[in-house]
Number of protein chains: 2
Amino acid sequence: MRRTKAEAEETRNSILSAAERVFFEKGVSTASLDDVAKAAGVTRGAIYWHFSNKTDLFLELYNTVNLPLEDMIERDVEQPAADVLCYIEKSAGDWLDELAADEHRQRIFTILLRCPYGDDLLPVLEKQQEVDERHTVMLDSAFDRARNAGFLSGNWTPQSATKALRWMMEGLCSEWLLFGRRFDLAMEGKEGLKRLFDSFRQLPAITEAPAAS
Amino acid sequence: MRRTKAEAEETRNSILSAAERVFFEKGVSTASLDDVAKAAGVTRGAIYWHFSNKTDLFLELYNTVNLPLEDMIERDVEQPAADVLCYIEKSAGDWLDELAADEHRQRIFTILLRCPYGDDLLPVLEKQQEVDERHTVMLDSAFDRARNAGFLSGNWTPQSATKALRWMMEGLCSEWLLFGRRFDLAMEGKEGLKRLFDSFRQLPAITEAPAAS
DNA sequence: AATTATACAAACAGATACGTATGTTAAAAT
DNA sequence: ATTTTAACATACGTATCTGTTTGTATAATT
C-alpha cells in the first residue's frame, strides 16, 4: 500500500515521536525497534525504510531539537555591560521556564542525560561537548565584560562565575529530570539563580571605598 | 571442582568487581552476564550460583559501597555554630578529594548516574532519594544554626544555601563523571566551593551598622 | 495505459542472551 | 570410607532482537 509523499513524511514523524516516548520510558539501549514500531502503529519495516538502524534513528531524533544549551547561547548576545548580569540571569531563568513547559524537550534532555555514550553515539557526545564549550566561552566573555565595568563582585572571577552558574544549572536539571520532577523547576531554579546572581553583583563589604580613578 | 568457602567468597567478589568494570564500560542494560563472567574468569554458572539474575547482581554491587552522599552526612555532625560553614565546606571538599582518588567510587557513581531506573531498580532509586533527603535535612539544620548565630549572609536562607550547594556538587560531579573527567575535580571543585561559601559568609555591604542588641 | 519506483508489511535467518537443567569434582559431613 | 552437598562448568531450550529479503499495493512517471 504505497502512500503519498506527505503520508510518508507523516509516518516518519510518528516514528520519531514514538521513539522519543519509548526511549524516554525504557531507555535507549533496552528499547527495541519493535517497541518503537508498535508505539507508532507501524511495523519494523517502516522504521528500516526511513532509518538505517536504531543508532541512526536516535541521531535523527537528536537532530530534531536544538540542544538544551544551544539556544541559550544565541540569546546572550552583546548587551550593555551594566545589564550583562541581569541579562544572563534572565536568559537562564527563561530557559528554565521553557524546559518546565515543554515536555518534548524534557524527554530529549532526559534521554541525553542517561544514554550510554559508548561506541556508536560518539558524534552525539562530541556535539554536546562542542555546544558546552561554546556556551562556556560565551559566558566567560560576558562575565568578563561585567567585571571590567565593575559590576562583578570581587569574590568571583569570570571563570568561576561561569562554572558556578553552569554547575548549578546542570545539577538543578539533573535532579529534576533524573529523579522524578519532585519540585517546581522554574520557581526554585529562578530563586537559586537570584541568590547566586545577587552574590555575583554584591560588591565587597569591607574593602577600600571607591576612589576616583 | 568444588571450592572451599573462602575460595567461593573470592569468586563472588571477583564477579562483583568484574560487574563493576563491565557495567561501567558498557552500561548496565547493554552488558550481558556473559561479558561479566568472562571479565571475572568464570562462566555464567558461577554468576547464577551466587546471584539470582542481573538485577540482583546490580543490587548487590550497589550495596557494596555506601552511597556518594551517605558518608558526607555522617561527617557533618554538630559543630560550634561559628565553624559550621567552614566545616561544611571542608567536608564537601574532602568528599571531592576522596571521589577524585577512588576509582571504585567513581565507577559506581557513574553507573548510578546513567542507569535506567525503570521497573526493577526502583529500590535503588528509593534509597537514593532517601539518602538525598537526609542529606538535605542535615544541611538545612546546619545552615540554620549558622544563620541564627549571624554567620550566614542575608542573601541566603538555609534552604537556598542547601540547594545551591547540592546543585553545585551534583552539577560538578555529573559533568566530571559523565563527560570524561576533562578537568581537575578536586581543584576546581574546591575553588568553586570557596567562592560559594565566601558568598554565604559575606555579610551585607550597605545595610545597618551592627547595633547593640 | 503501461511501467516503474515507492512505502511499507510480512516472512526469514542469524545472533545473542537468558534461565534452567544437568553434569562433575572435591570439600564437608557422617 | 561413604555419603552428601557445595561450587561451579557445560549443555539445552527458548525468547527476543536485529538486519535482510521478499512480497505487494499504489503513487508517480512516461
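Each chain gets a letter, A, B and so on, in the order its sequence line appears, and its residues count up from 1. Here the structure is a predicted model, which means the values were calculated and not measured.
- In this structure, A/D198 and A/R201 have side chains that are in contact, with non-hydrogen atoms separated by less than 4.5 Å.
- A heavy atom closer than 4.0 Å to some atom of DNA chain D occurs in B/V42, B/T43, B/G45, B/A46, B/W49, B/H50, these being the qualifying members of residues 16-50 of chain B.
- Ion pairing of B/E175 with A/K163 is absent here, as no side-chain N (NZ or NE/NH1/NH2) approaches a carboxylate O to less than 4.0 Å.
- As rounded to whole Å, 11 Å separates atom P of D/dC8 from atom CZ of B/F51.
- Counting to the nearest Å, the C1' atom of D/dC8 and the CD atom of B/E9 are 15 Å from each other.
- Panel note: side chain A/T162, backbone A/P158; a donor-acceptor pair is recorded below 3.5 Å.
- Salt-bridge annotation for A/E60 and A/R12: present, with a side-chain N of the basic residue lying under 4.0 Å from a carboxylate O of the acidic one.
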**Prompt:** Is there a side-chain hydrogen bond (donor to acceptor under 3.5 Å, both in side chains) between B/S91 and B/D94 once you walk through the steps?
**Reply:** CA-CA 5 Å; B/S91 170; B/D94 289 349; over 6 Å; no
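- What separates CZ of B/R2 from P of C/dA26 is a distance of 12 Å, to the nearest Å.
- Residue B/T4 has no polar side-chain atom (N or O) positioned under 4.0 Å from OP1 or OP2 of D/dA7.
- Atom CZ of B/R12 and atom P of D/dC8 are 11 Å apart (whole Å).
- The aromatic rings of B/F200 and B/W156 stand perpendicular to each other, their planes meeting at an angle above 60°, with 30° marking the opposite boundary.
- Remark: B/E89 does not engage B/K194 in a salt bridge, criterion side-chain N to carboxylate O under 4.0 Å.
- One end of the helix from C/dA1-D/dT30 to C/dT30-D/dA1 points its axis 0° away from the other end's axis, with each axis taken from 5 pairs and the angle rounded to 10°.
- Using a 4.0 Å cut-off between charged nitrogen and carboxylate oxygen, A/E130 and A/R134 count as a salt-bridge pair.
- Spacing between atom CG of B/L57 and atom P of C/dG19 amounts to 12 Å, rounded to whole angstrom units.
- In this structure, the NZ atom of B/K5 is 12 Å from the P atom of D/dC8, given to the nearest Å.
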